[in-house]
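All values derive from a computational prediction rather than experimental measurement. Every chain is numbered from 1 and lettered A, B, ... according to where its sequence line falls, protein lines coming before strand lines.
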Amino acid sequence: EAGVAQSPRYKIIEKRQSVAFWCNPISGHATLYWYQQILGQGPKLLIQFQNNGVVDDSQLPKDRFSAERLKGVDSTLKIQPAKLEDSAVYLCASRAFPTSGGNTGELFFGEGSRLTVL
Amino acid sequence: DQQVKQNSPSLSVQEGRISILNCDYTNSMFDYFLWYKKYPAEGPTFLISISSIKDKNEDGRFTVFLNKSAKHLSLHIVPSQPGDSAVYFCAASYNAGNMLTFGGGTRLMVKP
């Protein structure tokens with residue numbers, strides 16, 4: 001079974017430039033998440049999709065971050081314009097829709113996209 | 001407001017000994033807890049979980065203990081192996097496993 005795919009793995013940009021990250025979840029996984037992990041900290045949820053609808057984006061800085069999941073499969077996360085504090089690893093994760101009575105809570109993560117803003 | 005905290009940023013143990021990683025939480029609504037392991041340049045991978053209706057869950061060398069009254073959980077690794085050297089994240093959820101809240105991580109180093 002193929003895992004969660006992310007690209008690019010690394011990106012270096014200057015502040016005020018824009019960047020986009022792509023994620024392809026595990027086939028059949030209805031739920032997709034974008035997390036931001038700043039060095040030395042745990043992952044912080046930015047946005048959660050259920051199929052192609054947004055479930056929670058309360059922690060997404062909407063003035064500069066946007067995300068979409070067209071057709072309920074692939075997703076892109078965009079930052080425009082980038083700030084120095086956006087330097088982080090952006091992790092995409094997916095999860096199968098929990099079955100009735102089930103609650104595995106297990107998320108499958110991609111390898112992440114490391115962003116450096118200069 | 002950190003709802004999940006891992007107060008030890010690092011831990012060093014000798015191979016063959018027990019590793020104990022700790023995690024505290026503040027939100028009493030959390031009902032499911034997980035541990036993830038992360039190697040450098042890789043995404044976190046699921047290790048073990050526990051529901052709030054249990055106080056212990058064991059999987060091979062890994063055991064997670066939950067103390068609801070203290071809002072504390074711990075991960076025990078016995079015996080520790082050099083390959084266990086990684087960053088361990090504690091995570092919690094209260095919405096059918098959705099929207100995990102992660103702690104800051106503990107870097108475990110197992111010395112041969």
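No more than 12 heavy-atom neighbours from other residues, nucleotides or ligands sit within 6.0 angstrom of CD on A:Glu14. Counted within 6.0 Å of NZ on A:Lys71, heavy atoms from surrounding residues, nucleotides or ligands total 12 or fewer; the atom is thus considered open. Other residues, nucleotides and ligands place no more than 12 heavy atoms under 6.0 Å from the CG atom of A:Leu39. Around atom NZ of B:Lys68, more than 12 heavy atoms belonging to other residues, nucleotides or ligands sit under 6.0 Å away. Within a 6.0 Å radius of CZ in B:Arg17, no more than 12 heavy atoms belonging to other residues, nucleotides or ligands are found.
When heavy atoms are compared at a cutoff of 4.5 Å, A:Gln37 approaches chain B solely by way of its side chain, counted from C-beta outward. With a 4.5 angstrom heavy-atom cutoff, A:Arg114 does not touch chain B via any of its atoms. Heavy atoms closer than 4.5 Å to chain A are found nowhere in B:Ala91, neither backbone nor side chain.
Residue A:Phe49 belongs to a hydrophobic cluster whose other members are A:Ile13, A:Val19, A:Phe21, A:Leu32, A:Trp34, A:Leu46, A:Ile47, A:Val54, A:Leu60, A:Phe65, A:Leu77, A:Ile79, A:Leu84, A:Tyr90, A:Leu115, A:Val117, with links defined by side-chain heavy atoms closer than 4.5 Å.
Atom OG of B:Ser93 and atom CG of A:Leu107 lie 9.5 Å apart (nearest 0.5 Å).
Chosen from B:Pro9, B:Ser51, B:Cys90, B:Pro44, the residue pairing most often with chain A at heavy-atom distances under 4.5 Å is B:Pro44.
Linking ILVMFWY residues whenever their side-chain heavy atoms come closer than 4.5 Å, directly or via other members, places B:Ile48 and B:Leu73 in the same cluster.
Minimum heavy-atom separation, B:Gly43 to A:Leu91: CA-CD2, 4.2 Å.
With sequence neighbours excluded, the residues satisfying side chain to side chain contact (heavy atoms under 4.5 Å, CB included) with A:Pro81 are A:Arg16, A:Arg64. Scored by the ring-ring contact (aromatic ring centres under 6.0 Å, His included) test, B:Phe89 finds no partners at all (sequence neighbours excluded).
Below 4.5 Å, heavy atoms of chain A meet heavy atoms from B:Phe102, B:Gly103, B:Gly104, all part of residues 102-112 of chain B.
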